[in-house]
Engineer: 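Sending over a structure as structure tokens; questions will come in a sec.
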There are 2 protein chains.
Amino acid sequence: MARNGEARAKILAAADDLFATRGYDAVSMRDVAAGAGVAKAAVFYYFDGKDALYAAVLDGYYRAHEAALADALARDGDLRARLHAVVDAYVDFAADNVRYARMVQRKIAGGGGDLSVVRQNLGLLLRGVESALGDAVPARGPLAARHFFVTLSGAVLNYFTYAPALEGAWDGDPLSPEGIAERRAHLHWLVDTLLAALP
Amino acid sequence: MARNGEARAKILAAADDLFATRGYDAVSMRDVAAGAGVAKAAVFYYFDGKDALYAAVLDGYYRAHEAALADALARDGDLRARLHAVVDAYVDFAADNVRYARMVQRKIAGGGGDLSVVRQNLGLLLRGVESALGDAVPARGPLAARHFFVTLSGAVLNYFTYAPALEGAWDGDPLSPEGIAERRAHLHWLVDTLLAALP
DNA sequence: TCAGAGTTTGACCGCTCGGTCAAACCGATC
DNA sequence: GATCGGTTTGACCGAGCGGTCAAACTCTGA
């Protein structure tokens, strides 16, 4: 299995699956090894321990998320079009990687641990929204960009994390294409409404 | 220590502290016992295991949250005033019990486990927002009450859960009285803006 | 004073955890 | 065929986990 990084990739994929569906603490290195079809010691050969493995998984998601967002931010158009693109990128990414939304929320809400990776990524997103909003918004106070960032990113992410707990209250599966399309429409309406109300 | 439920109360308080700050998996029954100043076996005497202990802690919060919200919902006034009251109750409760916001988010994002308690509570909140919005909002589609519920509750809760990860990006402590007041102002503006835009 | 129910305790059990290690394996190079 | 570095493995370690149990303590009512 020495050829290129086959073993490493299999380990990473198994860890991704497991961490996303069960959470950090509920996954053992034995689980990861079994999932990857590899001896436990091999996992430690490729990664410097459980924390490092988890960080590597998260890092992959962050990188992909970052790329998707950078793409949206670089687009031309007026403020409204740019914000729609950002929101769409966020929704698309979360829809394609529901596990990511859960992992991020869990890591943030998880109390202890190294928030540095999360902090760095969140800061990046925040600066993205700040630059998209530009001077349409005051630098300080209740209408500062950072408040819109928290509000918007909560509105996107929470939909996906709440979904399993909303079963029954929703009609139909919130995570079905139709459900997600409806949520996207809500978010677009939200962005339009907020922009129209800005001084 | 047999007098009334003193030992039980001390155990519950210690469990509350520990679960909220460290999370379920990172807390051992030994930790709880030590925190309560009690032998480990006593914890098992009063609670039927770790899961039951955690459920008891969560239940206390849910009860308190439910009461605070019912109070706000029962208030008189027009739609705007009632929604402000609901949001304020939510913010107040989250501010007084930052740990609660974290525990709920973590439980929701946590994948497996018994979501029934969360689901019940979330359903209650949803029906609250639905009844507060009444017929100001369509029953279906992107402007249905449930979308506003997800958006608003995300806007409230995420502020508190993101706070520790936003250090540095924010100036000043997001959880200071001033920070919370500013967030409250943002939420009020949000509610007003959304209401004004409804057909 | 004694019996008995309700508490509290420390010792203990089986198990799984993250992590280590020396030995074996394997494909290339000489 | 010998050598050698990168890879893979199973056996192993100490620690901590959730949970149990019988013995000891404490308070109360007869």
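Each chain gets a letter, A, B and so on, in the order the sequences are listed, and its residues count up from 1.
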Engineer: In whole angstroms, how far is the P atom of D:dC27 from the CD atom of B:Glu6?
Structural biologist: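 So the two atoms are 12 Å apart, to the nearest Å.
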
Engineer: When the axes are fitted on five pairs at both termini, how much does the helix from C:dT1-D:dA30 to C:dC30-D:dG1 curve, in 10° steps?
Structural biologist: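 Roughly 20°, once rounded to the nearest ten degrees.
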
Engineer: Taking side-chain contact (heavy atoms from CB on, under 4.5 Å) as the definition, give me every residue that meets it alongside B:Ala145, ordered by chain and number, with sequence neighbours left out.
Structural biologist: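 Per chain and number, B:Ala145 pairs via side-chain contact (heavy atoms from CB on, under 4.5 Å) with B:Glu130, B:Leu133, B:Val137.
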
Engineer: Checking A:Arg183 side chain against B:His147 main chain: does a donor-acceptor pair fall under 3.5 Å?
Structural biologist: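 Side chain of A:Arg183 to backbone of B:His147: a pair is present.
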
Engineer: Using nucleotides 11-17 of chain C, report all nitrogen or oxygen pairs with the protein that are shorter than 3.5 Å.
Structural biologist:
{"unit_1": "C:dC17", "atom_1": "OP1", "unit_2": "A:Ser28", "atom_2": "OG", "d": "3.4"}

Engineer: Mind checking whether B:Phe149 and A:Trp170 have ring centres under 6.0 Å apart?
Structural biologist: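 B:Phe149 vs A:Trp170: aromatic centres not under 6.0 Å.
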
Engineer: Salt-bridged, A:Asp171 to B:Arg140, with N to O below 4.0 Å?
Structural biologist: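 No, no charged N to carboxylate O under 4.0 Å.
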
Engineer: What integer distance in Å separates B:Leu53:CG from D:dG19:P?
Structural biologist: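 These atoms are roughly 10 Å apart.
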
Engineer: Using whole Å, what does the distance between atom C1' of nucleotide D:dG19 and atom CZ of B:Phe47 come to?
Structural biologist: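 Taking atom C1' of D:dG19 as the reference, CZ of B:Phe47 is at 16 Å.
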
Engineer: Heavy-atom nearest nucleotide on DNA chain D for A:Ala42 versus B:Asp48: which residue maps closer to 5'?
Structural biologist: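 Closest to the 5' end, via its nearest nucleotide, is A:Ala42.
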
Engineer: Side-chain N or O of B:Tyr45 less than 4.0 angstrom from OP1 or OP2 on C:dT7?
Structural biologist: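 The answer is yes; a side-chain N or O of B:Tyr45 sits under 4.0 Å from OP1 or OP2.
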
Engineer: Separation of A:Ile11 atom CD1 from D:dT7 atom P, in whole Å?
Structural biologist: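 It is 11 Å, rounded to the nearest whole Å.
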
Engineer: Between A:Asp31 and A:Arg22, is the closest basic N to carboxylate O distance under 4.0 Å?
Structural biologist: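 A salt bridge links A:Arg22 with A:Asp31.
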
Engineer: Look at the side chain of B:Val38 and decide which nucleotide, out of C:dT8, D:dT8, C:dT9, has an atom nearest to it.
Structural biologist: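 For the B:Val38 side chain, the nearest candidate turns out to be C:dT9.
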
Engineer: Hey, are B:Asp25 and A:Tyr24 close enough side-chain-wise for a donor-acceptor pair under 3.5 Å?
Structural biologist: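 Checked: A:Tyr24/B:Asp25 side chains show no N/O donor-acceptor pair below 3.5 Å.
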
Engineer: Less than 4.0 angstrom from a charged side-chain N to a carboxylate O is my criterion; do B:Arg82 and B:Asp78 meet it?
Structural biologist: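 No, no charged N to carboxylate O under 4.0 Å.
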
Engineer: Please report, rounded to the nearest Å, how far the P atom of C:dA22 is from the CZ atom of A:Phe44.
Structural biologist: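 About 17 Å, once rounded to whole Å.
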
Engineer: Under a 3.5 Å cutoff, is there a donor and acceptor pairing between the side chains of A:Tyr159 and B:Thr151?
Structural biologist: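 Side chains of A:Tyr159 and B:Thr151: no pair found under 3.5 Å.
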
Engineer: Assess, by modelled atom type and distance only, whether the side chains of B:Asn97 and B:His65 contain a donor and an acceptor separated by less than 3.5 Å.
Structural biologist: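 Judged by distance alone, the side chains do not pair up.
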
